[in-house]
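The structure presented is a predicted model; accordingly, all values stated were derived computationally and were not measured. Numbers restart at 1 for each chain; the letters A, B, ... are given by sequence-line order, proteins then strands. The basis for the numbers below is simple: all heavy atoms, side chains too, and nothing from hydrogens, waters or symmetry mates.
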Amino acid sequence: MSPTDATSLLIHLSTRDIAILESLRSYRLLTTAHIRRLHFAQGHASLAAASGAVMRVLTRLETRNLVARLARRIGGVRAGSSGVTWQLGATGERLLRTMHGEKQRRRYVEPSPAFAAHTLAVADLAIGLYELQDQAVIEVVRVDTEPSCWQSFVGPHGTFEWLKPDLYAVTASGDYEDHWFFEADLATEHPPVVVRKAKVYQRYAATGAHQGRHGLFPAVIWVVPDTARAAAIEAALSADTAIQPELFRVVTTEDFRQLIATGGGTSPDAEPTAPQQTTH
DNA sequence: CTTGTTGGGTACAAGCAAAC
DNA sequence: GTTTGCTTGTACCCAACAAG
């Protein structure tokens with residue numbers, strides 16, 4: 001895409017259009033509902049009105065090849081007609097690449113259902129954070145998606161390693177900042193794989209690199225679909241004597257918001273007070 | 001003024017799942 | 001198996017706005 005193409009395109013795009021494209025760049029895949037929650041949450045008379053608006057905008061962007069819908073429906077999570085999953089279209093990818101001054105083309109091919117489901121689960125966590133911010137429960141200081149949240153480090157035996165969290169976030173409530181690594185678990189991985197990943201977190205924590213930069217090590221949160229899966233992961237972690245249990249927390253998607261709201265992402269020694277009982 | 005584009009609101013159909 | 005409830009997507013209406 002030449003710069004003139006990009007600018008002629010930009011004239012026809014609102015700041016909200018650009019914001020939608022940027023979201024798709026960050027999260028790779030988003031459902032229509034995700035985009036509504038992110039960009040059509042305010043200023044609409046009803047949920048139905050917002051839903052209509054977001055579909056109109058997305059279909060308009062689709063005709064310009066800025067966004068594209070996945071052929072495969074990712075369903076089963078909610079009742080209702082199966083939703084559309086969106087990703088950047090070829091033109092949208094070129095436009096954002098030009099805007100960000102990048103040379104490397106990112107390919108947006110049809111992902112596998114398993115990859116798509118996981119990607120959407122990660123996006124759901126991040127959007128949940130922003131919604132808590134809208135409700136004035138917390139303040140979102142920072143959200144890093146893949147691959148910018150990846151951390152390289154040198155392990156105990158001099159080996160070069162990558163820590164690849166699904167999401168890194170810093171939130172604030174009151175005077176306290178909470179730092180988080182999130183793993184969106186869909187109960188597709190065997191517990192030993194989870195334990196192995198937990199040990200990567202431990203090796204990264206042992207380098208002290210993150211603590212040196214931020215003064216604390218983030219809480220590592222596995223967000224799982226149900227209590228049975230939570231029990232399975234907790235059992236696998238506690239069964240391994242090499243695991244430091246204080247680094248890790250396992251919550252269901254249902255309890256995710258409560259955990260974020262009450263905090264706990266601070267390192268253990270920075271935890272200011274005992275959790276307070278709050279009623280709603 | 002006419003026309004086309006964009007986006008908001010509402011009604012309704014389609015589709016799924018839990019409840020009956 | 002049927003009903004009920006919920007959610008999503010589409011069709012149609014309207015208003016605001018810009019370009020010609």
Side-chain angles (χ1 to χ4, degrees), chain A residues 1 4-25 27-92 94-96 99 108 110-132 134-135 184-188 223-230 252-258 280:
Chain A
M1 175 183 287
T4 49
D5 285 343
T7 46
S8 69
L9 208 79
L10 279 170
I11 291 170
H12 299 287
L13 296 178
S14 67
T15 54
R16 186 177 59 188
D17 293 339
I18 301 292
I20 291 170
L21 297 181
E22 291 284 2
S23 295
L24 284 169
R25 195 178 97 101
Y27 302 111
R28 302 184 65 94
L29 298 175
L30 291 171
T31 65
T32 309
H34 283 150
I35 296 169
R36 170 177 54 73
R37 287 159 63 190
L38 276 171
H39 301 290
F40 294 75
Q42 276 124 26
H44 293 272
S46 67
L47 199 65
S51 299
V54 67
M55 271 311 287
R56 272 190 304 275
V57 170
L58 285 169
T59 45
R60 173 175 53 82
L61 297 177
E62 186 184 28
T63 59
R64 294 173 195 244
N65 210 9
L66 291 162
V67 302
R69 62 180 85 193
L70 297 194
R72 233 191 291 248
R73 302 291 179 98
I74 314 297
V77 222
R78 292 184 173 282
S81 57
S82 51
V84 178
T85 304
W86 302 88
Q87 62 182 346
L88 280 179
T91 307
R94 280 199 302 274
L95 173 66
L96 288 197
M99 288 173 66
Y108 286 88
E110 184 86 12
S112 73
F115 177 84
H118 181 256
T119 305
L120 291 175
V122 176
D124 214 64
L125 296 180
I127 293 168
L129 295 180
Y130 287 115
E131 287 181 330
L132 284 173
D134 288 343
Q135 296 159 20
D185 177 276
L186 295 180
T188 52
V223 185
V224 302
D226 50 53
T227 52
R229 175 65 172 177
T252 61
T253 46
E254 205 177 329
D255 296 339
F256 169 70
R257 284 161 188 258
Q258 186 62 40
H280 292 283

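- One finds the CD atom of A:Glu22 at 5.0 Å from the CG atom of A:Leu96 (value rounded to the nearest 0.5 Å).
- Note: CZ (A:Arg60) to P (C:dT10) measures 16 Å, nearest angstrom.
- Looking at A:Asp124 and A:Arg37, a side-chain N of the basic residue comes within less than 4.0 Å of a carboxylate O on the acidic one, giving a salt bridge.
- Per the geometry, CG belonging to A:Leu58 stands 14 Å off C1' belonging to C:dT10, to the nearest Å.
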**Message:** Could you walk me through whether A:Leu66 and A:Asp17 satisfy the side-chain contact (heavy atoms from CB on, under 4.5 Å) test, starting with their C-alpha distance in whole Å, then the side-chain angles of each, then the deciding distance to 0.1 Å, before giving a yes or no?
**Reply:** CA-CA 10 Å; A:Leu66 291 162; A:Asp17 293 339; over 6 Å; no
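- Residues A:Asp185 and A:Pro225 come closest through the heavy atom pair O-CD, 3.1 Å.
- Rounding to whole angstrom units, CZ of residue A:Phe40 and C1' of C:dG9 are separated by 15 Å.
- One can place CZ of A:Arg56 at 13 Å from C1' of B:dT5, the figure rounded to the nearest angstrom.
- Atoms CZ (A:Arg36) and P (B:dG9) sit 14 Å apart, rounded to a whole Å.
- Protein atom NE2 of A:His34 is 14 Å distant from nucleotide atom P of C:dT7, rounded to whole Å.
- To the nearest angstrom, P of B:dT5 lies 15 Å from CG of A:Leu61.
- Across the protein-nucleic acid pair, A:Met55 atom CE and B:dA13 atom C1' stand 14 Å apart, rounded to whole Å.
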